[in-house]
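Owing to the predicted nature of the structure, the values given are computational and were not obtained by experimental measurement. Numbered from 1 within each chain, the chains take letters A, B, ... in sequence-line order.
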Amino acid sequence: METFQSLLAKKLSEALAKAGLPTAGELTPATDRRFGDYQTNAALVLGKERGENPRALAEKIAAHFDVGDLCETPAVAGAGFINFTLLSGAIEKKTLELLRDERLGVAETKSTQRIVIDFGSPNVAKPMHVGHIRSTVLGDALARIARFLGHEVIGDNHIGDWGTQFGMVIYGWKNLLDRQAMQRNPLAEIVRVYKETNERAASDPQVREACRQELVKLQEGDKENTDIWNECVAFSMQDFEHVYKLLDIHYDIQCGESFYHDRLPGVVERLLKSGIAEISEGAVVVFFRDNPELADKPLIIRKRDGGFNYATTDLATVDYRVNDLKADAIWYVVGAPQILHFKQIFEIARREGYTVDLRHIIFGSILGEDRKLMKTRSGENVPLRDLLEEACKRARKIIEEKNPQLTEDEKIDIAEKIGIGAVKYADLSQYRMTDYIFSWEKMLSLHGNTAPYLQNAYVRIRSIFRKAGDAAVATPLWGVEGGTGHRPVATTLTLTEPAETNLAKRLCQFAEIVPQVLNGFRPNILANYLFELANSFHTFYEACPVLKSSEPARSSRLALCELTGRVLKHGLGLLGIKVPERM
RNA sequence: GCGCCCGUAGCUCAGCCGGAUAGAGCAACGGAUUUCUAAUCCGUAGGUCGAGUGUUCGAGUCACUCCGGGCGCGCCA
């Protein structure tokens with residue numbers, strides 16, 4: 001199914017050809033309602049190229065434009081814009097098509113890729129905290145969207161389970177462990193001894209050296225240290241799993257840093273052999289002398305003491321993902337501070353001849369309400385687990401106020417959908433590059449541009465269908481998955497009220513918006529669209545009674561409700577956000 | 001010192017490859033509910049897009065300079 005935008009774009013290039021003009025400019029949604037629904041700047045672009053009067057060119061193009069039953073006669077306006085206004089018949093027809101389409105009009109991509117998405121990546125023996133939200137939630141949303149568009153996605157959790165910190169963890173385990181505390185809350189105790197060791201090591205060189213020795217023993221395969229390591233990983237994984245369950249995050253694979261341990265020597269050897277790396281001051285280093293940007297920024301891939309670092313691991317990871325997983329693209333959803341690191345890694349991969357499409361998807365920092373950076377190390381960060389539970393608790397409180405008659409099970413379920421949804425939406429609705437100001441108030445506010453606002457639109461729709469009963473909504477919706485379980489009786493649509501037409505147009509735009517998300521990795525444009533859709537629905541809801549209206553309006557409006565509900569549910573689903581039936 | 005990111009309404013933010021008179025939400029103020037969930041809707045007010053130069057039919061968007069904030073730059077990840 002084609003979108004209005006692509007249909008009009010096609011007609012535009014036909015018109016240009018008929019007018020003897022080359023393809024030029026673009027066809028976009030109108031910037032303002034006054035200008036109709038879509039616009040093109042083709043005449044402006046051509047006017048500039050050929051030194052001709054843009055308005056005259058616009059008139060010429062418009063004259064050759066075959067409107068069919070799609071839109072009104074194109075209008076030339078301003079400096080030479082051509083504006084298109086859809087005919088309501090075309091909107092009605094398209095809306096009916098969408099009702100029958102389980103993909104809601106969204107076309108699958110023509111160039112399917114196998115994409116490894118590296119996101120989340122918490123560290124073992126460190127608590128997951130607010131700083132992990134962005135990578136996890138953003139990566140998951142991108143994975144869902146890419147998958148929906150037809151890509152083959154492999155979500156990979158590159159867990160930090162093999163770093164230098166394990167020297168400290170093992171040292172702390174051996175010297176500082178409180179067995180009783182360990183039984184009560186294993187992860188908390190591991191974190192405690194790690195932190196304490198960290199502090200001791202900072203001031204005591206002997207402790208530092210001891211930690212280093214423990215790390216070397218672990219890397220050499222020492223039995224005792226390996227056992228400790230295994231236990232630490234297992235305890236941490238339990239905590240991660242709990243959080244992932246709450247967040248509804250699912251990975252296809254979880255190849256942490258330790259997974260690549262055996263491959264590291266081979267990476268260094270290969271790079272030395274090919275001359276990409278060289279030995280410098282005892283370490284193995286890659287220089288980028290012919291790259292002005294990186295010329296003074298070499299990358300160490302083997303330390304003087306023979307140890308490997310995360311650069312080595314990341315290089316081995318590229319190998320694995322390309323050679324074993326057969327990835328066409330790898331997306332790293334990792335914070336902005338690592339820009340330089342990935343530039344270096346990508347440059348090495350390029351030198352080695354890899355053609356895989358490597359993307360570093362960066363995002364801004366998480367700031368406290370004081371606008372200062374939330375430190376990730378040895379700070380008093382809110383554990384993610386507590387944060388999410390707090391979100392649910394606060395949602396629960398509001399549910400008790402608004403809807404106390406719900407059953408206990410319903411309240412728990414709804415509180416989770418609202419609380420978690422609020423946290424995710426607060427993040428995803430913002431452009432990823434913008435620094436994120438963490439605020440309980442904002443995150444959990446149930447007013448304005450928030451998940452609960454969108455969820456409420458869905459709930460209102462569901463309420464209508466519950467009230468409508470069997471007579472109005474006899475059979476399931478064409479068995480479509482993701483349908484709301486009922487189908488409107490309408491086989492034709494009659495849009496008369498402005499609120500109806502606006503809502504229908506909005507619904508038609510879903511298919512135009514979703515593919516754009518991957519262009520720049522911006523889930524916020526989908527969030528923004530859904531907010532506008534919910535807004536259009538609420539306006540419609542206020543202005544247009546559904547069940548109390550008479551035919552044919554009643555059936556038409558039920559159809560609009562049905563479709564709105566499905567787009568909201570599916571759209572929020574692409575962001576990893578669930579919708580409740582009541583709230 | 002070098003590099004990257006950011007600077008838009010009182011606050012939090014949209015604004016994709018340059019397009020028409022820069023948009024939302026919150027807060028403020030004024031309205032709307034015998035109603036399918038008011039967790040809502042409608043309206044009013046609010047701006048030198050950090051500053052300046054340049055590129056052109058056209059700049060929040062591109063280039064350069066400066067100011068302010070953040071991050072990063074050889075053995076942590």
Pairing of RNA chain B as dot-bracket, 5' to 3': ( ) intra-strand, [ ] crossing, | other strand, . unpaired, with Watson-Crick or G-U pairs under 3.5 Å? (((((((..((((.....[...)))).(((((.......))))).....(((((..]....))))))))))))....
Assert yes or no for the condition that the ring centre distance of Y332(A) to F346(A) is strictly below 6.0 Å.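 Here the rings of F346(A) and Y332(A) have centres that are less than 6.0 Å from each other.
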If you compare every side-chain N and O of K303(A) against the phosphate oxygens of C76(B) (OP1, OP2), does one of them come in below 4.0 Å? yes
Touch class at under 4.0 angstrom, heavy-atom based, for S280(A) against every strand present: base
In this structure, how many angstroms lie between the P atom of A77(B) and the NE2 atom of H132(A), rounded? 15 Å
Earlier contact from the 5' end, RNA chain B, for C544(A) and E293(A):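 Its nearest nucleotide lies further toward 5', so the answer is E293(A).
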A39(B) P sits how many Å from R582(A) CZ, rounded? 16 Å
What is the distance from NE2 of H360(A) to C1' of C71(B), rounded to the nearest Å? 12 Å
Using the C1' atoms only, state how far A14(B) lies from G60(B), rounded to an integer number of Å.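 Result for the C1' pair: 12 Å, nearest Å.
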Verify whether one side chain among N535(A) and Y453(A) offers a donor that lies under 3.5 Å from an acceptor in the other. yes
I301(A) atom CD1 is separated from A77(B) atom P, nearest whole Å, by 14 Å
Rounded to whole angstroms, how far apart are OH on Y425(A) and P on A39(B)? 19 Å
Can you name the one residue among I398(A), L406(A), I399(A) that meets side chain to side chain contact (heavy atoms under 4.5 Å, CB included) with K402(A)? I398(A)
Could you give the distance separating A39(B) and G3(B) at their C1' atoms, to the nearest angstrom? 47 Å
Do the non-hydrogen side-chain atoms of I279(A) and L272(A) ever get within less than 4.5 Å of each other? yes
Side chain to side chain, Y260(A) and T312(A), heavy atoms closer than 4.5 Å: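 Side-chain contact under 4.5 Å: no.
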Determine the Euclidean distance between corresponding C1' atoms of C62(B) and U44(B); express it in Å to zero decimal places.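 It works out to 37 Å between them.
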Hey, are R396(A) and E400(A) close enough for a salt bridge, meaning a charged N less than 4.0 Å from a carboxylate O?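 Counted as a salt bridge, because a side-chain N and a carboxylate O are separated by less than 4.0 Å.
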Between the protein and nucleotides 18-26 of chain B, which nitrogen or oxygen pairs are less than 3.5 angstrom apart?
| unit_1 | atom_1 | unit_2 | atom_2 | d |
| --- | --- | --- | --- | --- |
| G19(B) | N7 | N41(A) | ND2 | 3.1 |
| A20(B) | N6 | Q39(A) | OE1 | 3.2 |
| A20(B) | N6 | N83(A) | OD1 | 2.5 |
| A20(B) | N1 | N83(A) | ND2 | 3.2 |
| G25(B) | O2' | N449(A) | N | 3.4 |

Taking the minimum atom-to-atom distance to the side chain of P337(A), which one of G15(B), A77(B), G72(B) wins?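 Nearest to the side-chain atoms of P337(A), counting from C-beta on, is G72(B).
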For a quick check of understanding: with a heavy-atom distance under 4.0 Å over all strands, which category does L340(A) fall into, base, sugar-phosphate or nothing?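 Sugar-phosphate, no base atom in range.
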When we call it a touch if two heavy atoms are under 4.0 Å apart, what does A283(A) touch: a base, just sugar-phosphate, or nothing?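 Result for A283(A) = base.
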When you compare A27(B) with G10(B), how far apart are their C1' atoms, in angstrom units rounded to a whole number? 8 Å
Any donor-acceptor pair under 3.5 Å linking the side-chain atoms of E500(A) with those of N502(A)? no
G15(B), A77(B), G74(B): which one has an atom nearest the side-chain heavy atoms of Y431(A)? G15(B)
How far does the C1' atom of G15(B) sit from the matching atom of G25(B), given to the nearest Å? 15 Å
Closest nucleotide among A39(B), A14(B), C36(B) to the I464(A) side chain: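 Of the candidates, C36(B) comes closest.
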Measure from CG on L299(A) to C1' on C75(B) and round the result to the nearest Å.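 Rounded to whole Å, this separation is 10 Å.
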Could you check Q338(A) against K402(A) and say which one's nearest nucleotide on RNA chain B is further toward the 5' end?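 Final value for this comparison: K402(A).
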Any T539(A) side-chain N or O less than 4.0 Å from OP1/OP2 of C42(B): yes
Under-4.0 Å side-chain N/O to phosphate OP1/OP2 contact, Q430(A) with C13(B):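 Checking C13(B) against Q430(A), a side-chain N or O does come within under 4.0 Å of OP1 or OP2.
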Donor-acceptor check, side chain of N524(A) to backbone of L428(A), threshold 3.5 angstrom: yes or no?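 Judged by distance alone, no pair lies under 3.5 Å.
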If you check every side-chain atom of E257(A), which of A39(B), G74(B), A77(B) has the closest atom?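 Selected nucleotide: A77(B).
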Before we go on, tell me: are the rings of F35(A) and F81(A) under 6.0 Å apart, centre to centre?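 Centroid distance F35(A)-F81(A): not below 6.0 Å, so no.
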A39(B) P sits how many Å from L406(A) CG, rounded? 13 Å
If I pick the P atom on A9(B) and the same atom on U48(B), what distance separates them, to the nearest angstrom?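 To the nearest whole Å, 9 Å.
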Using only atom types and a distance under 3.5 Å, with no angle test, would you say the side chain of H158(A) pairs donor to acceptor with the backbone of C255(A)? yes
Using atom P of each nucleotide, how far apart are C41(B) and A24(B) to the nearest Å?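 It works out to 14 Å between them.
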Given U40(B), A77(B), C4(B), the nucleotide with the shortest approach to the side chain of Y453(A): U40(B)
Taking the P atom of each, how far is C26(B) from C67(B), in whole Å? 39 Å
Could you state the CZ-P distance from R212(A) to A77(B), rounded to the nearest angstrom?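 Result: 13 Å.
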Ignoring backbone atoms, test whether T313(A) places a side-chain nitrogen or oxygen under 4.0 Å from the OP1 or OP2 oxygen of A77(B). no
Is I418(A) touching bases, backbone alone, or none of the nucleic acid, heavy atoms closer than 4.0 Å? base
Distance from I345(A) atom CD1 to Y310(A) atom OH, nearest 0.5 Å?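 Output value for this atom pair is 7.5 Å.
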Is it true that a side-chain atom of Q455(A) and a backbone atom of K578(A) form a donor plus acceptor pair closer than 3.5 Å?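 Yes, because the side chain of Q455(A) sits within donor-acceptor range (under 3.5 Å) of the backbone of K578(A).
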